[in-house]
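Here the structure is laid out as structure tokens; the discussion comes afterwards.
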Amino acid sequence: MASIPFSRPEPLAPPPALSLARIPWVPIVLTTIALTYLALFLFVPLAAVFHEALKKGWGVYLAAIADPDAWSAIKLTLLAAVIAVPLNLVFGVAAAWAIAKFDFRGKNLLITLIDLPFSVSPVISGLIYVLIFGLQGWLGPWLAAHDLKIIFAVPGIVLATLFVTFPFVARELIPLMQAQGREEEEAAAVLGASGWQTLWRVTLPNVKWGLLYGVILCNARAMGEFGAVSVVSGHIRGLTNTLPLHIEIVYNEYQFAAAFACASLLALLALVTLALKTLVEARAHKEYSR
Amino acid sequence: MSIQVRNVSKNFGNFSALNGVSLDIEPGELVALLGPSGSGKTTLLRVIAGLERPDSGQIYFSGEDTTETRVQEREVGFVFQHYALFRHMTIFENVAFGLRVRPRKERPAEAEVQERVHKLLNLVQLDWLADRYPHQLSGGQRQRIALARALAIEPKVLLLDEPFGALDAKVRKELRRWLRRLHDEINLTSVFVTHDQEEALEVADRIVVVNQGKIEQVGTPEAVYDHPATAFVYQFLGNVNQFHGRVRRGIATFGSKTLAAPEHETVEDAAATAYVRPHDIDIARAPGIASMPATVSHALRVGPVVRLELSRDDNGELVEVEVPRERFDDLGVAAGNVVHLTPRRAKVFLETPHAAVGARP
């Protein structure tokens, strides 16, 4: 009999580990560089913020935060976030759903537009609103005639915050939804589910961790935004100062302890955000990796 | 319920996925759409389901035009290639989904949902998995759950896209038989898409061979296998040898061999190809009338048959022959031996189809 045996291919050797890692001192040096960098540019400033804030004791610290101007800045910051985050949540879900699950003309344009706030300097974003709604701007005379104030008032701050934070939720959801494909939505449709039922029962539960992650980032940016808000705010104490703007003013007045006390609030927000982000990422990783 | 597809076309950009397809599916039939990838078979299935809108043409369910009916209202069961189970729901909730999303008036009570879902899970023999999540199941189990979910809405037709494509060979075979039995039991008009000819031949009542957006042939498995209507069907279903030559007034000449081709009697002179199945070739050590000498390159024992690869002595072309093991042992041939081949059955197709009398390629 003349059967020809199949020649079995040689088992592939495992790819050689990165050869640098075999030299004993290389990992140590690399780790040291990375840790030094982190310490210098992250941990030291963070520690400095809390150190400076508490330098003159808890009394001064609490007084700085309880100051009426500081308190109104905190409230305005919270207000801007409370308006901007839910709106961007709705917008982000709608945009991501449209982009990931449907085909339409101008889709790439929409994706580019969503990225716009990332690529435009925040100061420019603020200036755009001044040019549109400011006294010398396009709509300025009309607004003035109707006694509507947008620039140097709360609406302008909310608008600027909305603009700089609107990519966060959409950007987080689009790749996730695209990776999940359309089959589950199609399956839901064949089983008789309407668009709303599909969104609530299939699409959103599948992206809930990504959504939460996007909201956390969006919120952090909304509360921390400086540039765009600074342009439209007018820095009226007790009226149009957000927390980051208030910190700048107090600092410029050489009230360092008070400035750092308020700054520590933002630093705390950053730490909480970081903790939540890590938690959500861990949960999401556990669920999506199955 | 019967399905009629009338003259359906569908394009994706410049690509023509379906090109004037018409098809009749009888109530209770199990039909396979068979074709290579990119042939348009999945698109046809999705058009029937309502997941794609045809550019032109109509779909009728029991004689009723459903072309404009939304997918939600078509009452079809659809099993996706990769199952598309809802990953965040338990198996029970997956199967119950179709019942829970019904309008409030038609929605069954919780007790009825429980009863129906458990009945379906029992039907697919997976009731014990009700509380698990899809990622905890094997491929074959997911496939059966996808089927149970599709059946939960009591569909009028069942459509399956490559139902066994993502499974390993053994599970695939089991599930194939199981699906056939299930179909005989519930007797629901069913259409499934496959690129695997063996699967289509084994499971389906009728096979629809699809190629390049068109239907090549519709028929029972025996009909399409034994009497392929086109050269494509011949090549696609089973192994086949091709002999290139010419046809002149009903006589086909292939190298040193001539064949009668009465169906091409009107053809003056045209290039033609004869298709011969490997098991339709006789092999002998001595030359016969109009036999073809060839040299054995190798012989491979595959179960009860021996598969021989030979090269023709006149033009070196490769020929594949299958003979029963006993016959091979009687012959006593080995690699390098010269043998003589005689095709028992051949089908001749012109290379330029529909060439008229006197046409010269």
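Residue numbering restarts at 1 for every chain, and letters A, B, ... go by the order of the sequence lines. Every heavy atom of this structure was used, including side-chain atoms; hydrogens, water molecules and symmetry mates were not. Source: prediction; values computed, not measured.
Within the 4.5 angstrom heavy-atom criterion, only side-chain atoms of B:Phe97, from C-beta onward, approach chain A. Neither the backbone nor the side chain of B:Leu308 has a heavy atom closer than 4.5 Å to any heavy atom of chain A. For B:Arg46, the part lying near chain A is the side chain, with the backbone staying farther off; criterion is any non-hydrogen pair under 4.5 Å. The contact between B:Arg100 and chain A is made by backbone and side chain atoms together, counting heavy-atom distances below 4.5 Å. Only the side chain of A:Gln197 comes within less than 4.5 Å of a heavy atom of chain B; its backbone N, CA, C and O stay farther away. Within the 4.5 angstrom heavy-atom criterion, only backbone atoms of A:Ser194 (N, CA, C, O) approach chain B.
B:Arg53 CZ: 12 or fewer foreign heavy atoms inside a 6.0 Å radius. Within 6.0 Å of atom OH in A:Tyr37, 12 or fewer heavy atoms from other residues, nucleotides or ligands are found, so the atom counts as exposed in its surroundings. Counting non-hydrogen atoms of other residues, nucleotides and ligands closer than 6.0 Å to NZ of A:Lys107 gives a total above 12. Heavy-atom neighbours of B:Glu73 CD from other residues, nucleotides or ligands within 6.0 Å: above the threshold of 12.
Take A:Arg171 and apply the side chain to side chain contact (heavy atoms under 4.5 Å, CB included) test, not counting sequence neighbours, and it matches A:Ile111, A:Asp115, A:Phe118, A:Pro167. By the ring-ring contact (aromatic ring centres under 6.0 Å, His included) test, B:Phe61 is found to be paired with no residue, residues two or more places apart in sequence or in another chain being considered.
Between the CG atom in B:Leu51 and the CZ atom in A:Arg182 there is a gap of 12.0 Å [rounded to 0.5 Å].
Here the closest heavy-atom approach between residue A:Val190 and residue B:Val71 is recorded as CG2-CG2, 3.7 Å. Across every non-hydrogen atom of B:Ala84 and A:Ala187, the tightest pair is O-CB, 4.0 Å. When every heavy atom of B:His88 is checked against every heavy atom of A:Asn206, the shortest pair comes out as ND1-OD1, 2.9 Å.
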Worksheet item: Could you go step by step and tell me if A:Leu191 and B:Phe86 meet the side-chain contact (heavy atoms from CB on, under 4.5 Å) rule?
Response: CA-CA 12 Å; A:Leu191 291 168; B:Phe86 303 125; 4.1 Å; yes
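Note: B:His82 leads B:Arg74, B:Arg102, B:His82 in heavy-atom pairs under 4.5 Å with chain A.
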